[in-house]
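Report on the structure given below.
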Amino acid sequence: AQSVTQLDSQVPVFEEAPVELRCNYSSSVSVYLFWYVQYPNQGLQLLLKYLSGSTLVKGINGFEAEFNKSQTSFHLRKPSVHISDTAEYFCAVSESDTDKLIFGTGTRLQVFP
Amino acid sequence: GAVVSQHPSWVICKSGTSVKIECRSLDFQATTMFWYRQFPKQSLMLMATSNEGSKATYEQGVEKDKFLINHASLTLSTLTVTSAHPEDSSFYICSARALAEYQETQYFGPGTRLLVL
């Protein structure tokens with residue numbers, strides 16, 4: 001069975017500092033990987049996705065993530081964060097032959113001035 | 001593109017009443033729609049998967065008679081919470097997966113917050 005682990009429930013960081021949000025997954029088959037962002041009282045917005053091809057994926061708002069198959073990781077990074085990046089970030093995985101998305105427990109990114 | 005709307009965004013109801021939530025794909029046709037439930041400060045839990053024109057597939061532990069799902073067209077799915085009780089209070093989010101270009105990706109609605117008094 002698939003599972004997604006986001007080790008950090010909260011990540012505090014100062015504005016303009018770099019940040020990495022960690023995501024590890026377990027699956028026995030090929031997977032698709034996603035990062036979504038959720039602002040307060042809103043639904044989820046797709047940041048980026050890995051389906052195949054280049055392991056470095058660039059998304060919106062300056063975020064990028066790297067798929068590492070050997071380490072079963074898909075960490076999200078941004079070189080310089082803004083106050084507006086404060087939100088909840090969810091990593092999700094789906095197996096290539098199924099419909100379902102399995103979400104991690106989320107990481108709360110708090111950017112301080 | 002790939003915009004999903006939900007209506008209403010907020011609903012407050014008395015215990016024992018039924019509440020219907022609509023999920024619409026505005027600029028694409030959604031072969032599959034998903035319904036999630038999110039408790040405060042927690043992740044999304046998949047409740048059911050609905051395919052247009054067929055019965056929904058419910059996840060283990062989700063009562064199909066309590067959470068009625070209808071996916072009558074390629075742009076609309078509805079979730080009806082029947083005889084709602086305070087423990088049904090939650091944030092309900094739908095997502096839609098489209099034909100062709102968006103096949104592997106789910107696009108999410110803004111969510112509906114339900115409060116049952």
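Convention: sequence-line order gives letters A, B, ...; per-chain numbering from 1. Worth knowing before you read on, the calculation uses all heavy atoms, side chains too, and leaves out hydrogens, waters and symmetry mates.
- A continuous path of hydrophobic side-chain contacts links A:Val93 to A:Leu48 [ILVMFWY only; heavy atoms under 4.5 Å].
- B:Leu79 and B:Met45 sit in two unconnected hydrophobic clusters of ILVMFWY residues. Membership requires side-chain heavy atoms under 4.5 Å apart, directly or through other members.
- Looking at A:Leu46, only its side chain comes within 4.5 Å of chain B, counting heavy atoms on both sides.
- In terms of hydrophobic clustering, with Ile, Leu, Val, Met, Phe, Trp and Tyr side chains grouped at heavy-atom distances under 4.5 Å, B:Leu76 and B:Ile93 are assigned to different clusters.
- The contact between A:Phe103 and chain B is made by backbone and side chain atoms together, counting heavy-atom distances below 4.5 Å.
- A donor-acceptor contact shorter than 3.5 Å links the side chain of B:Ser43 to the backbone of A:Gly104.
- Enclosure of atom NE2 in B:His85 by more than 12 non-hydrogen atoms of other residues, nucleotides or ligands within 6.0 angstrom is indicated.
- Looking at A:Glu88, there are no atoms closer than 4.5 Å to chain B (heavy atoms on both sides), in backbone or side chain.
- In this structure, B:Phe91 and A:Gln42 approach most closely via the heavy-atom pair CE2-O, 3.5 Å.
- Within the 4.5 Å cutoff, side-chain heavy atoms of A:Phe90 are placed close to those of B:Gln38.
- Other residues, nucleotides and ligands place no more than 12 heavy atoms under 6.0 Å from the NZ atom of B:Lys64.
- You'll find the side chain of A:Leu101 stays beyond 4.5 Å of the side chain of B:Arg97, heavy atoms only.
- A:Thr105 has its side chain out of reach of B:Gln42: every pair of non-hydrogen atoms, C-beta onward, lies at least 4.5 Å apart.
- Contact of the B:Gln106 side chain with the A:Tyr36 side chain is registered, since non-hydrogen atoms from C-beta on lie closer than 4.5 Å.
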